[in-house]
Protein chains: 4
Amino acid sequence: MTSSEIASESKAARTRQRILAAAAHEFALHGYGGASLRLIADAADLKVGSLAFHFATKDDLVAAALADGVDSAREALAAAVAAVPDDATPGERLRAAILGHLDALHASDDRASAVVRMVETLPLHLRADHVRHERRFGKVWLDVLARGRDDGVVRDDVDLRVLRDLVVGALNSTSTTSPVARPARGAVVETLLALLSPR
Amino acid sequence: MTSSEIASESKAARTRQRILAAAAHEFALHGYGGASLRLIADAADLKVGSLAFHFATKDDLVAAALADGVDSAREALAAAVAAVPDDATPGERLRAAILGHLDALHASDDRASAVVRMVETLPLHLRADHVRHERRFGKVWLDVLARGRDDGVVRDDVDLRVLRDLVVGALNSTSTTSPVARPARGAVVETLLALLSPR
Amino acid sequence: MTSSEIASESKAARTRQRILAAAAHEFALHGYGGASLRLIADAADLKVGSLAFHFATKDDLVAAALADGVDSAREALAAAVAAVPDDATPGERLRAAILGHLDALHASDDRASAVVRMVETLPLHLRADHVRHERRFGKVWLDVLARGRDDGVVRDDVDLRVLRDLVVGALNSTSTTSPVARPARGAVVETLLALLSPR
Amino acid sequence: MTSSEIASESKAARTRQRILAAAAHEFALHGYGGASLRLIADAADLKVGSLAFHFATKDDLVAAALADGVDSAREALAAAVAAVPDDATPGERLRAAILGHLDALHASDDRASAVVRMVETLPLHLRADHVRHERRFGKVWLDVLARGRDDGVVRDDVDLRVLRDLVVGALNSTSTTSPVARPARGAVVETLLALLSPR
DNA sequence: TATGAATGAGGATTCATTCAT
DNA sequence: AATGAATGAATCCTCATTCAT
């Protein structure tokens, strides 16, 4: 493989990433139906027609952005938890998960928040493809909560799945477009930890 | 005012309601940017051109649907709380609020869920107008929680506003388009009550 | 029905006819795949977007143009034959049919030639719908030839359907875009009559 | 010229042929305006950009396909006639011509039918170039008919050029995309022979 | 009060073409 | 000899809006 081959390979990959970033931003701002390829192309410094070379269709791009969004959020969440030293307190682990989730959600690249903004208005065929990714993400949170319960920092008087859904819903709802309205990160973390802790 | 004027006035009002209902449905399904006046008109059994008579522009319709959505949800929430007899337990009042919120959100007319689906992708000028409605809704929940705290059924170790935001966020996140994924109403209520109750 | 209603009804109909005429011209010149709605709209003195009001889709317009083309040709053919007095010679009837077919095909409005130019490159779903029209047209020619055979002016040593197909094919092939290359109408008629007559 | 140059030259020639074959197929199916270089490239197992190496523009490819189509048909027609032994009956020669024409037209490689499908919708500049090829093809048929007349198997009561145009038109009209609708080859041949034979 | 008819802007997608590699 | 990547124009279609009736 010559150096020029490497260069051209990475060029396509770089453009693809630029498009995904621009798409995430537009989708986060305007949702699935409100986002336009024109604006996405502009933000990616490309002409609309050129998008087709990387993503054949708007829905292809959406699917890629969704996968990119949840997967990166899941990896960030898992990494945040994994980074907690073994000898840390169980509460630290829980706090790390919450922080990891919030960080992904409020990251400036919008990859995760694009997902939150799009999921509920997706056409069925896209949603079907997306469910698997979402499920893997939910699994990570479930594991975190289960471990927390074993370690005695998560209450055991409620169904864990329902708890997980409410926690994730509450966290996702902080991903508001107007950061002014967003409650302070620290307050959210402490409040959630309090709600979760057993009586 | 003649009787025919009265009749025609009430006809206009009825049509307006039909449009709002159709709009709520479309907005709930496709969000602000993805909903089209044509489909709304179809669902309201009207021609697109006729919409202008009732709502001059799409944004006017959106604003009306938003106001209609939050206000009706707020009234439903307030009514549910007010319906609780004075001699009921404080926990009953809290449960009534949660149930009222969920009922509004999962109502078949989509008026409340349309709001949830739209808010985050609204253009700025619409959002500005909408904030006041949202604030009044939030005020009701804040009152409910404050009273609950006074009555000893809501924990006092957390900031009440942050708590309110998380509770509302968690509740709103149950308004998913695919009712299959939605956790059972009863489980949501009991879990939330547990989380709220003081240790 | 008021006069204004009549006017508005006929306005839509008139526009529809203008579009069909423009479409026939474009389709005759460039075929199904080569014709553009832009040019059709221009020729019909409309904006492209306005076409949708009369024909929802390009394929709808094509289907209408096809039906219009064959049906009008069939009617012209049938009328030409019917116009022959009962006491005319059988040869006159045959000649009238040939002339009627040619007249339809070379008419300046291109309605019939548009069909000839489009049929073979139609997508399958359009072709399927079109077959019925084509069959009715072929039936008229078959009747003409059968009557001619009964009257002794059409040879009886060949299969009538095959003969019909070849005659129609030969006639249609005179519908060339460059009228220079087109053989003289009279010569075509006399030659065909000669070929058809029994030995 | 080195052997590798020879090899690469012949490779180019082979690719050229593959492109022409693919192009003929697409043009036969969709006509001049409806065929796309992308599909042609796909069918030729190439990327669109690579076409330019062999044919600078779409119209260059079209021109080549047209020339290829008529010329090969003309050669097939001439060869079919030439293959008839000198001592065969004149009717055999005529039949051979008809069969040769039909064989070329219905050949699976679509080279000839692509021409039939394209000619009438060609832009003027392409048509001008094409006329010469077409004329040479017509000349062959004219010769065949003239010889037939000399030999007493073609009627002499009609203009030969008009006759030729009608015969060619009738034959070409059998090149339909749906082979179901196509009349049986044998029946076409015998019917045409009958029509041509003098009384 | 509503419809019919049209507009112009913008939507996504496809197209032939170009050019560096 | 062919590919990868991009362009700009054109494709059809949908949109919200307007206005005479």
Side-chain angles (χ1 to χ4, degrees), chain A residues 2-5 7-9 11-12 15-16 33-41 45-61, chain B residues 7-9 11-12 14-16 33-41 45-61, chain C residues 2-5 7-9 11-12 15-16 33-41 45-59 61, chain D residues 7-9 11-12 14-16 33 35-41 45-61:
Chain A
T2 73
S3 68
S4 77
E5 273 169 344
S8 88
E9 228 188 63
K11 187 194 183 191
T15 306
R16 215 187 121 96
S36 94
L37 294 189
R38 233 293 260 97
L39 290 180
I40 292 175
D45 202 31
L46 273 153
K47 312 292 165 178
V48 217
S50 309
L51 285 181
F53 184 83
H54 302 272
F55 300 94
T57 230
K58 183 184 185 180
D59 281 1
D60 278 8
L61 174 53
Chain B
S8 82
E9 226 187 63
K11 188 195 178 194
R14 264 183 288 124
T15 306
R16 214 186 122 94
S36 92
L37 291 190
R38 170 159 300 279
L39 288 181
I40 292 173
D45 205 30
L46 250 81
K47 311 291 167 184
V48 223
S50 311
L51 287 180
F53 186 84
H54 302 272
F55 302 95
T57 76
K58 183 184 184 180
D59 281 359
D60 280 2
L61 173 53
Chain C
T2 72
S3 67
S4 76
E5 273 169 344
S8 87
E9 227 187 62
K11 187 194 182 191
T15 306
R16 215 187 122 95
S36 93
L37 293 188
R38 231 295 260 94
L39 290 179
I40 293 175
D45 202 31
L46 273 152
K47 311 293 165 181
V48 217
S50 309
L51 285 181
F53 184 81
H54 302 273
F55 300 95
T57 230
K58 184 186 184 181
D59 281 1
L61 174 53
Chain D
S8 80
E9 227 188 60
K11 188 194 179 192
R14 263 183 288 125
T15 306
R16 214 186 122 94
S36 93
L37 290 190
R38 170 159 300 280
L39 288 180
I40 292 173
D45 204 29
L46 250 81
K47 311 291 166 182
V48 223
S50 312
L51 287 181
F53 186 83
H54 302 273
F55 301 95
T57 76
K58 182 184 186 182
D59 281 359
D60 280 2
L61 174 53

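None of these values were measured; they are calculated from a predicted model. So that the names make sense, note that chain A is the first sequence line, chain B the second, and so on, each numbered from 1.
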If you compare all heavy atoms of D/Ala41 against all heavy atoms of D/Lys47, which two are closest, and at what distance to 0.1 Å?
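That would be CB-C, 3.9 Å.
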
Parsed dot-bracket for DNA chain F after applying the Watson-Crick and G-U rules with both distances under 3.5 Å and | for other-strand partners is .||||||||||||||||||||

Using modelled atom types only, decide if a donor and an acceptor are shared between the side chain of A/Thr57 and the backbone of A/Asp59 within a distance under 3.5 Å.
no

All side-chain hydrogen bond (donor to acceptor under 3.5 Å, both in side chains) counterparts of B/Arg38, not counting sequence neighbours:
none

What pair of heavy atoms forms the shortest contact from B/Asp60 to B/Ala56, and how long is it?
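B/Asp60 and B/Ala56 have their closest heavy atoms at OD2-CB, 3.5 Å.
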
Between C/Thr15 and E/dA5, is there a contact of a side-chain N or O with OP1 or OP2 at under 4.0 Å?
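For C/Thr15, the contact criterion (side-chain N or O under 4.0 Å from OP1 or OP2 of E/dA5) is not met.
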
So, A/Lys58 side chain and A/Ala35 main chain: donor-acceptor pair closer than 3.5 Å or not?
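Confirmed, A/Lys58 side chain pairs with A/Ala35 backbone.
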
Without decimals, in angstroms, what is the distance between C/Leu61 CG and F/dT11 P?
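It is 15 Å, rounded to the nearest whole Å.
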
With a 4.5 Å cut-off on side-chain heavy atoms, are C/Leu46 and C/Ile40 touching?
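Sidechains of C/Leu46 and C/Ile40: no contact.
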
Closest-nucleotide ordering on DNA chain F, the 5'-leading residue of D/Asp45 and A/Asp45
D/Asp45

Hey, what do you get for OG (C/Ser50) to CG (C/Asp45), rounding to the nearest 0.5 Å?
10.0 Å

Contact class for A/Leu46 (heavy atom, under 4.0 Å): base, sugar-phosphate, or nothing?
sugar-phosphate

In whole Å, I'd like the distance from the CG atom of D/Leu51 to the P atom of F/dT3.
10 Å

Side chain of D/Lys47 (C-beta onward), nearest among E/dT7, F/dG4, F/dA5:
F/dG4

Could you state the atom-to-atom distance from CZ of B/Phe53 to C1' of E/dT3 in whole Å?
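Those two atoms, CZ and C1', are 13 Å apart.
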
Reading 5' to 3' through nucleotides 14-19 of chain F, protein heavy-atom contacts under 4.0 Å coded B for base, S for sugar-phosphate only, - for none
BSSBB-

For the CG atom of C/Leu61 and the CZ atom of C/Arg16, what is their distance to the nearest 0.5 Å?
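Separation between the atoms: 9.0 Å.
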
Quick one: is A/His54 getting a side-chain N or O under 4.0 Å of the F/dA6 phosphate, OP1 or OP2?
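Looking at the OP1 and OP2 atoms of F/dA6, one of them is under 4.0 Å from a side-chain N or O of A/His54.
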
Quick one: D/Phe55 CZ to F/dA2 P, roughly how many Å, whole number?
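Interatomic distance, CZ of D/Phe55 to P of F/dA2: 12 Å.
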
To the nearest angstrom, how far is D/Arg16 atom CZ from F/dA2 atom P?
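After rounding, the gap between these two atoms is 13 Å.
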
